[in-house]
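In what follows, a structure is listed as structure tokens, so that the remarks can point back to it.
Each chain gets a letter, A, B and so on, in the order its sequence line appears, and its residues count up from 1.
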Amino acid sequence: MAQFLFEADLHGLLKLDTPIPNAPPARWQRKAKESGPGPSPVGVSPMKPANRSHSSSKTPSKTPGKSGSKIQSTPTKAGGDRYIPNRSTMQMEMANFLLTKENDPAEESPTKKEQQKAWAVNLNGFDVEEAKILRLSGKPQNAPEGYQNNLKVLYSQKMTPGSSRKNSRYIPSMPDRILDAPEIRNDYYLNLIDWSSQNFLAVALDNSVYLWNHASGEIIQLLQMEHPDVYISSVSWIKEGNYLAVGTSSAEVQLWDIQQQKRLRNMTSHCARVGALSWNSYILSSGARTGHIHHHDVRVAEHHVATLAGHTQEVCGLKWSLDGRYLASGGNDNLVNVWPCTQGGGGDFVPVQTFTQHQGAVKAVAWCPWQMNVLATGGGTSDRHIRIWNVCSGACLSTVDAHSQVCSILWSTNYKEFISGHGFAQNQLVLWKYPTMTKVAELQGHTARILNLTMSPDGTTVASAAADETLRLWRCFEMDPIKKKEKEKANNSKSSIIHQSIR
Amino acid sequence: QLSREHQGITLRGSAELVAEFFSYGINSILYQRGIYPPETFTRVQKYGLTLLVTTDPKLANYLNNVTEQMKEWLYKCIVQRLVVVISSIESSEVLERWQFDIECDKTAKDDNGPREKSQKAIQDEIRSVIRQITATVTFLPLLESACAFDLLIYTDKDLVVPEKWEESRPQFIANSEEVRLRSFTTTIHKVNTSVAYKKDSVP
């Protein structure tokens with residue numbers, strides 16, 4: 001019998017929810033007596049803490065972040081300067097039961113097992129019972145200290161400080177003019193502006209093409225697509241400047257006469273939008289989203305004279321060399337192909353070079369006007385590099401990291417330089433000296449990524465079209481008046497010799 | 001060259017192709033995500049692309065060990081998944097998780113002879129996946145802090161863990177966004193690629 005009494009006593013002691021008799025008064029009680037009825041009568045008894053849902057049971061806590069412990073914020077009401085738990089509200093019996101209960105998984109019903117398994121698969125993403133996860137120990141060291149992820153450098157890049165060497169010429173940092181280009185399509189893969197030898201700037205705004213006369217400032221709407229869903233994907237002037245080729249999203253290549261403002265031809269041979277065009281005298285080359293390039297002889301009825309299959313994704317860069325011997329194409333498949341102007345022995349066009357080094361889409365493609373067989377290419381967001389190639393040897397002459405998506409490259413005819421257009425984060429144009437590849441200047445102003453660049457016929461001005469719906473004209477290749485006179489003299493003397501001989 | 005095309009794919013050949021893909025794929029991820037300085041990578045020609053591989057000897061050695069082991073396990077068809085985990089060094093938080101699921105056709109073990117699929121077709125498929133991995137930099141969130149990577153391999157439960165390998169936790173991302181990339185198949189092994197990244201917390 002004694003043992004039951006003992007047990008009962010033990011339980012009584014352990015419960016502890018009745019005040020211990022004959023104990024010294026607790027601190028709060030003493031304090032209460034001291035402060036008397038002063039601060040607040042509520043402060044006499046310890047605060048009943050809220051949120052009493054905890055117990056040491058196995059039920060998963062609803063808030064995994066919280067530790068679910070008994071620590072609560074100390075009540076600031078007077079009478080208690082520390083937290084004292086109230087044991088009577090605790091579920092001591094429940095806790096005791098759960099602690100002492102035998103862990104018996106055999107009791108679980110088969111459906112419950114299924115459910116648990118489903119939960120496990122859900123949580124882990126695979127069946128834990130079926131697989132185990134391994135890793136090779138001895139991990140290699142991390143990148144050295146002080147190495148900053150270069151992407152972070154890219155995105156946090158501030159303006160680079162000007163070069164210490166004084167520029168030999170003044171390049172205005174503000175554009176000459178800013179033109180409105182509302183509704184211009186913000187699509188990296190399109191080529192929406194071109195400047196003719198007759199000084200007309202053609203701009204494709206969604207489904208219309210406008211011509212801006214640089215000399216007079218006059219604007220003409222040349223054409224508008226009949227179908228509302230069709231948009232213009234590329235424009236390109238013929239060398240003489242009297243015809244404009246227009247590529248559309250409906251896979252058509254149209255030829256327009258500027259004088260009469262009439263459409264001369266509508267050449268259909270592609271099956272996807274035509275994002276790139278380039279002229280080589282009477283041959284018009286078009287690149288489409290399928291990756292195919294077509295040559296069109298615009299003089300004959302059967303215009304489609306050749307197909308070049310070298311890209312597996314959209315052709316976005318297309319440029320004939322100035323001597324008409326090579327055609328360079330860049331695609332979304334990160335490849336650059338250099339095609340000869342004539343077919344190979346087998347009747348097929350085969351590229352003389354294929355460059356795979358770019359890690360992103362290649363839209364910027366440009367031939368050097370003063371050095372034969374030199375080609376500049378620029379890569380998209382994943383690549384950001386500008387590369388200069390010799391297409392005969394296939395060698396990469398130079399590479400430079402431009403730290404930003406390259407949309408276009410233009411070589412200058414007045415200086416030994418080239419200019420590149422960029423996107424995030426600065427949306428700037430950069431002038432580079434060739435072949436030293438040093439930055440001559442950076443032209444800032446656009447508030448969104450640059451999409452296209454084109455140059456004036458006199459080579460002094462570069463027009464940039466950007467996603468901020470503006471066209472900016474930068475007078476960055478202004479000729480020194482003395483040098484200009486020299487150049488003109490040289491040209492004049494040449495013509496006079498010819499006249500003499502004709503006589 | 002003609003004979004190579006008609007050789008077909010054997011189990012061993014398939015295991016090699018897939019293991020090779022993982023080697024180049026992991027290198028590409030390490031370069032593109034900036035885990036290691038870009039100067040420590042060199043360009044090589046593979047799959048008709050220019051790919052970047054590390055020149056760091058320790059790292060190259062580590063990756064090599066993993067690739068060799070993968071080859072063996074792929075041959076035995078007991079590996080299910082390869083995961084590249086990218087986590088912040090400071091906070092040990094997992095920021096990105098590249099998952100390559102492997103489906104193995106176990107009947108290939110029965111020596112039925114090589115399967116019909118040209119090397120070129122497989123190469124083209126692999127090329128597409130690698131290009132996609134490269135292009136992901138356009139949408140993946142910037143990795144702000146210095147990061148380290150980890151390689152996890154999910155194998156069959158009853159595999160004997162070889163020396164130098166240890167068991168690990170899956171290392172999931174708490175709140176993630178997932179993007180599926182292309183898959184390729186050698187007709188014996190099929191690899192599905194996806195990348196999960198930590199959803200940007202509300203600024």
Report yes if the side chains of A:Leu134 and B:Leu159 come closer than 4.5 Å at any heavy-atom pair, otherwise no. yes
What's the shortest heavy-atom distance between B:Ala135 and A:Ser382, and which atoms? CA-OG, 3.6 Å
With rounding to the nearest 0.5 angstrom, report the CD to CD distance, A:Gln359 to B:Gln32. 6.0 Å
Please examine the side chains of A:Thr356 and B:Arg127, heavy atoms only from C-beta on, and report whether any two atoms are closer than 4.5 Å. no
Sole residue of B:Ile153, B:Asp150, B:Asn65 in side-chain contact (heavy atoms from CB on, under 4.5 Å) with A:Leu136: B:Asn65
Residues passing the side chain to side chain contact (heavy atoms under 4.5 Å, CB included) test with B:Pro162, sequence neighbours excluded, are B:Gln69, B:Trp73, B:Trp165
A:Trp339: ring pair (Phe, Tyr, Trp, His ring centres under 6.0 Å) partners, not counting sequence neighbours: none
If you count heavy-atom pairs under 4.5 Å with chain B, which of A:Leu335, A:Thr354, A:Asp333 comes out on top? A:Asp333
Taking only heavy atoms into account, what residues of residues 40-55 of chain B are found under 4.5 Å from chain A? B:Arg43, B:Gln45, B:Gly48, B:Leu49, B:Thr50, B:Leu52
What residues, two or more places apart in sequence or in another chain, satisfy side chain to side chain contact (heavy atoms under 4.5 Å, CB included) together with B:Lys76? B:Glu72, B:Ile78
Backbone N/O of A:Lys132 and side chain of B:Lys157: donor-acceptor pair under 3.5 Å: no
